[in-house]
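In what follows, chains are A, B, ... by sequence order, proteins preceding strands, each numbered from 1.
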Amino acid sequence: MQIKIQYYALMREQAGRSAETLETTAATPAQVYVELARRHPFTLPAEQLKVAVNGEFCDWTRPLSPGDAIVFIPPVAGG
Amino acid sequence: MQIKIQYYALMREQAGRSAETLETTAATPAQVYVELARRHPFTLPAEQLKVAVNGEFCDWTRPLSPGDAIVFIPPVAGG
Amino acid sequence: MTRFRFSQTPIDTVAARRELLDPSAGGFVSFEGWVRDHNEGLAVRRLEYEAFVELALKEGERILAETLKRFPIRHALCLHRIGDLAIGDLAVWVGVSASHRGEAFEACRYVIDEVKHRVPIWKKEHYLNGDSGWVNCERCAAAPHHHEEHAHPHAHRGHD
Amino acid sequence: MTRFRFSQTPIDTVAARRELLDPSAGGFVSFEGWVRDHNEGLAVRRLEYEAFVELALKEGERILAETLKRFPIRHALCLHRIGDLAIGDLAVWVGVSASHRGEAFEACRYVIDEVKHRVPIWKKEHYLNGDSGWVNCERCAAAPHHHEEHAHPHAHRGHD
């Protein structure tokens with residue numbers, strides 16, 4: 001299936017792009033991250049990230065559906 | 001000796017004036033207060049007041065000198 | 001310029017804030033005391049603030065000096081109105097700038113708490129029902145202005 | 001009108017404060033986060049703020065809704081800048097009005113603490129020495145932008 005990834009901040013810089021579409025057999029965000037970390041020089045281990053699917057925080061084990069939009073969220077620093 | 005009294009807030013209203021000069025034999029602010037409470041309808045017991053002489057907080061037993069300016073300070077409510 | 005000041009005209013909060021700007025400060029906290037339309041169950045129409053200015057300025061300045069000593073902050077300032085105030089008017093403004101926000105919050109809170117407890121300023125509330133009274137009269141034996149013979153059933157705690 | 005908003009232009013604090021006015025409020029506390037000229041021993045030249053806006057707006061709004069539920073306050077508002085900021089610029093503004101000052105202080109502190117921990121906003125510091133780095137990299141394995149091979153000796157804790 002196809003899923004969409006959006007990148008922000010350090011992840012965006014390391015992925016070298018703001019977004020991409022991925023053709024994958026990954027069933028969860030955790031599996032997607034492992035797959036992407038093979039293509040991009042990510043330095044952040046998944047334990048230090050949060051993940052959102054379709055604009056809402058979720059578990060790393062949430063089942064994915066075709067067309068889902070994933071965001072991996074590095075440690076935040078607002079304010 | 002002569003001393004000066006300035007009044008504020010509730011004390012000013014109860015004394016019916018902002019200031020007065022007192023000819024007295026009182027040796028301390030505590031004695032002055034007892035004397036003034038006989039002339040004016042003060043409702044505040046001295047325990048609930050602070051006292052200042054010559055623009056600085058002081059003890060009720062501070063010895064007074066001629067020309068000293070006393071202020072009896074009711075419970076404050078700034079802000 | 002002193003760090004505790006009185007004003008008989010509306011406090012200019014924009015100018016006050018500007019006095020605390022500092023390129024090394026990352027956090028700024030301000031407190032404003034507004035004249036509230038009620039206190040202890042009574043509807044308030046307006047307020048009068050009166051100060052023993054000479055001593056209040058000294059005590060206010062001492063509070064700000066203590067604050068700067070006690071907390072690792074950059075700047076602190078307190079401005080207080082005197083005279084007649086209407087509902088919604090700004091009665092007191094406290095501002096603190098600091099490297100870190102925790103200290104800015106704590107120092108700002110310290111200033112307003114100490115000012116309310118130590119600085120000789122008094123506040124007379126005028127109620128919608130025609131009564132009036134000096135705030136904190138619950139700690140005094142004071143009767144309300146219009147009816148000296150009866151005691152108010154409520155305690156005057158100050159508008160906070 | 002939402003209670004958590006982003007702005008790509010300077011935050012108008014006078015207008016923001018006006019949104020919180022309330023005749024029943026006796027206390028108002030505001031927090032401002034200013035861009036500081038240093039962090040963890042490094043001289044900072046400018047900052048960039050970036051947000052995952054869609055989720056940040058939801059999470060920010062949740063924080064303000066929680067705050068209004070948790071503390072007996074009247075109003076609360078948080079405005080956050082995104083984009084390029086210079087030293088001294090206002091990055092975030094939080095304001096709370098309440099009947100009593102204690103709750104206004106606590107609620108304001110709560111909002112800024114939660115926003116800093118939960119809302120997907122990131123801050124990249126550009127240092128005078130030419131380096132740059134995303135704040136909170138001490139909790140990541142992230143190397144600085146210009147020298148990916150060495151680790152920074154200092155911890156990035158955020159400007160507070």
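- Interface residue C:V29: backbone and side-chain heavy atoms are both found under 4.5 Å from chain D.
- Side-chain contact check for C:E48 and C:H126: at least one donor-acceptor pair (N or O, by modelled atom type) lies under 3.5 Å.
- A donor-acceptor contact shorter than 3.5 Å links the side chain of C:R36 to the backbone of D:S99.
- Listed here is the closest heavy atom pair of C:A91 and C:I11: O-CD1, 4.1 Å.
- Chain D forms the most heavy-atom pairs under 4.5 Å with one residue out of C:G95, C:S30, C:G88, and that residue is C:S30.
- With a 4.5 Å cut-off on non-hydrogen atoms, C:L21 touches chain D through its backbone and its side chain both.
- For C:D113, the parts lying under 4.5 angstrom from a heavy atom of chain D are both the backbone and the side chain.
- Inspection of the D:Y127 and D:R45 side chains reveals no N or O donor paired with an N or O acceptor under 3.5 Å.
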